[in-house]
S.K.: 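I have a structure here, written as structure tokens, and I will follow up with some questions on it.
All chains are named by letter (A, B, ...) in the order of the sequence lines, taking the proteins before the strands, and each is independently numbered beginning at 1.
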Number of protein chains: 2
Amino acid sequence: MSDLLERLRGRGWRMTAQRRVVAEVLDGEHVHLTADEVHARATLRLPEISRATVYNTLGELVSLGEVLEVATDRRAKRYDPNAHRPHQHLVCAQCGAIRDVHPSGNPLADLPDSERFGFTVSDVEVTYRGICPACAG
Amino acid sequence: MSDLLERLRGRGWRMTAQRRVVAEVLDGEHVHLTADEVHARATLRLPEISRATVYNTLGELVSLGEVLEVATDRRAKRYDPNAHRPHQHLVCAQCGAIRDVHPSGNPLADLPDSERFGFTVSDVEVTYRGICPACAG
DNA sequence: ACTTGACTTAGACAAAGTCCATCGTAGGAT
DNA sequence: ATCCTACGATGGACTTTGTCTAAGTCAAGT
């Protein structure tokens with residue numbers, strides 16, 4: 001799926017070997033990688049790529065709306081390449097595994113104006129927590 | 001409200017000056033403080049209290065279910081003394097301010113069995129994001 | 001092919017939190 | 001009231017995750 005690369009090129013993204021590799025890593029595996037995991041995988045293809053570049057590129061992809069940042073705790077942020085279809089996350093409290101889920105309903109609509117305290121609310125993030133089948137034994 | 005201190009003592013918590021001060025700081029202000037903010041306030045009453053002790057005590061309070069940890073991004077975790085009444089959070093994307101909110105509806109019910117992948121789902125955390133009035137100018 | 005400004009790099013730096021060896025003390029035992 | 005001792009506190013080193021900077025490199029338009 002080099003749709004991603006095409007879209008980026010179409011937006012005037014200057015294409016470099018480093019950016020291509022980072023985009024391909026994210027596009028290739030639909031799992032939720034940390035920045036360091038992206039760096040590790042990128043290094044396999046482009047051994048000299050730097051950490052800073054991986055962070056910069058991930059940040060750009062997030063700004064462009066091509067990738068979502070998922071912060072479930074104070075550990076490393078994870079990057080979710082499934083940005084085009086809205087979804088929420090189901091996290092195993094024991095092993096940390098993450099699955100994309102698609103709940104019914106619109107949680108934004110559940111927050112009445114009287115509970116918005118003057119905020120301009122633009123987004124809602126729902127994290128379900130539980131025990132995955134593997135951990136439940 | 002030294003209900004908290006009473007409860008802790010009743011549970012066999014060994015009472016020290018440091019723990020009392022941390023518990024009082026949390027119990028006194030129903031805002032969402034970071035560990036460093038708790039430390040700063042505790043230091044006013046007990047100047048020699050260490051950071052490690054504040055971290056340890058906060059961790060114990062969380063384990064005991066008296067305080068909730070709120071990790072909204074990769075900034076510092078915040079500690080929420082309002083653990084007895086279920087609620088969700090509204091976060092300012094700019095300054096990080098947090099408000100408790102009470103949405104209508106039950107998000108747990110919005111996750112159909114077909115989207116649970118065999119997980120035993122026990123909890124859901126909803127974070128609304130936006131810009132607070134102060135940051136909006 | 002040249003030029004230029006955007007991109008990359010290594011490493012220093014920073015924020016938040018954890019770990020550890022050692023010292024101190026709360027609270028039961030005497 | 002004093003003593004004991006296991007539990008708690010301390011400060012500093014360390015770790016993890018991420019940001020910043022100055023200097024070098026290169027993609028792409030001309």
S.K.: What's the NE2-P distance between A:His39 and C:dA10, to the nearest Å?
M.R.: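 Spelled out: NE2 on A:His39 to P on C:dA10 is 8 Å.
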S.K.: Between atom CG in A:Leu33 and atom P in D:dG18, what is the gap in whole Å?
M.R.: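 A:Leu33 atom CG is separated from D:dG18 atom P by 13 Å.
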S.K.: If we ignore hydrogens and angles and just use 3.5 Å, is the side chain of A:Arg75 paired with the main-chain N or O of B:Arg74 as donor and acceptor?
M.R.: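 No.
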S.K.: I need the CG-C1' distance between A:Leu58 and C:dT8, as an integer number of Å.
M.R.: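 In whole Å, C:dT8 C1' and A:Leu58 CG are 15 Å from each other.
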S.K.: Between A:Asn56 and A:Asp36, name the one whose nearest nucleotide on DNA chain D is closer to the 5' end.
M.R.: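 In this pair, the answer is A:Asp36.
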S.K.: Give the C-alpha distance, both sets of side-chain angles, the deciding distance and a yes or no for side-chain contact (heavy atoms from CB on, under 4.5 Å) between A:Arg129 and B:Glu125.
M.R.: CA-CA 8 Å; A:Arg129 294 180 193 281; B:Glu125 188 184 297; 3.3 Å; yes
S.K.: Grab the OH-C1' distance between B:Tyr79 and C:dA16 for me, whole Å please.
M.R.: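 That distance rounds to 10 Å.
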S.K.: Quick one: which of B:Thr127, B:Asp100, B:Thr72 gives a side chain to side chain donor-acceptor pair (under 3.5 Å) with B:His89?
M.R.: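 For B:His89, the side chain to side chain donor-acceptor pair (under 3.5 Å) test succeeds with only one of B:Thr127, B:Asp100, B:Thr72, which is B:Asp100.
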S.K.: Any side-chain donor paired with an acceptor under 3.5 Å for B:His32 and B:Asn82?
M.R.: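 Their side chains do not contain a donor-acceptor pair, so the 3.5 Å distance test is not met.
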S.K.: State whether the distance check finds a donor on one side and an acceptor on the other, under 3.5 Å, for side chain B:Arg51 versus base D:dG11.
M.R.: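 No, the side chain and the base share no sub-3.5 Å donor-acceptor pair.
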S.K.: Would you say the base of C:dC7 and the side-chain of A:Arg19 have a donor-acceptor pair closer than 3.5 Å?
M.R.: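 Looking at the base of C:dC7, it does not pair with any donor or acceptor on the side chain of A:Arg19 (distance under 3.5 Å).
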S.K.: Can you measure A:Glu37 atom CD to D:dG18 atom C1' for me and round it to whole angstrom units?
M.R.: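 It is 15 Å, rounded to the nearest whole Å.
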S.K.: For A:Glu48 and C:dG11, give me the distance from atom CD to atom P, rounded to whole Å.
M.R.: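 Spelled out: CD on A:Glu48 to P on C:dG11 is 11 Å.
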S.K.: Nearest-Å distance, CE (B:Met15) to P (C:dG24)?
M.R.: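 Whole-Å distance recorded here is 23 Å.
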S.K.: Among C:dT9, C:dG17, D:dG11, which nucleotide sits nearest the side chain of B:Ser50?
M.R.: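 Of the options given, the side chain of B:Ser50 lies nearest D:dG11.
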S.K.: Looking only at side-chain N and O atoms, does B:Gln18 come under 4.0 Å of OP1 or OP2 in D:dT10?
M.R.: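 Yes, such a contact exists.
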S.K.: Applying a 4.0 Å non-hydrogen cut-off, can you work out what A:Thr16 is touching in the nucleic acid: base, sugar-phosphate, or nothing?
M.R.: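 Result for A:Thr16 = sugar-phosphate.
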S.K.: Roughly how many Å is it from CG in A:Leu8 to C1' in C:dC7, rounded to a whole number?
M.R.: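 Taking atom C1' of C:dC7 as the reference, CG of A:Leu8 is at 15 Å.
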S.K.: What contact category does B:Ala52 fall into here, base, sugar-phosphate, or nothing, at under 4.0 angstrom with non-hydrogen atoms?
M.R.: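 It contacts base atoms.
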S.K.: Hey, is CD on B:Glu48 packed in by over 12 heavy atoms from elsewhere, all under 6.0 Å?
M.R.: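 Yes, CD of B:Glu48 has more than 12 neighbouring heavy atoms, counting only those of other groups under 6.0 Å.
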S.K.: Suppose we call a contact any N or O donor and acceptor under 3.5 Å apart; does that hold for the side chain of A:Arg14 and the base of D:dA27?
M.R.: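 Present.
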S.K.: Looking only at side-chain N and O atoms, does B:Tyr55 come under 4.0 Å of OP1 or OP2 in C:dG17?
M.R.: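 B:Tyr55 to C:dG17 OP1/OP2: side-chain N or O found under 4.0 Å.
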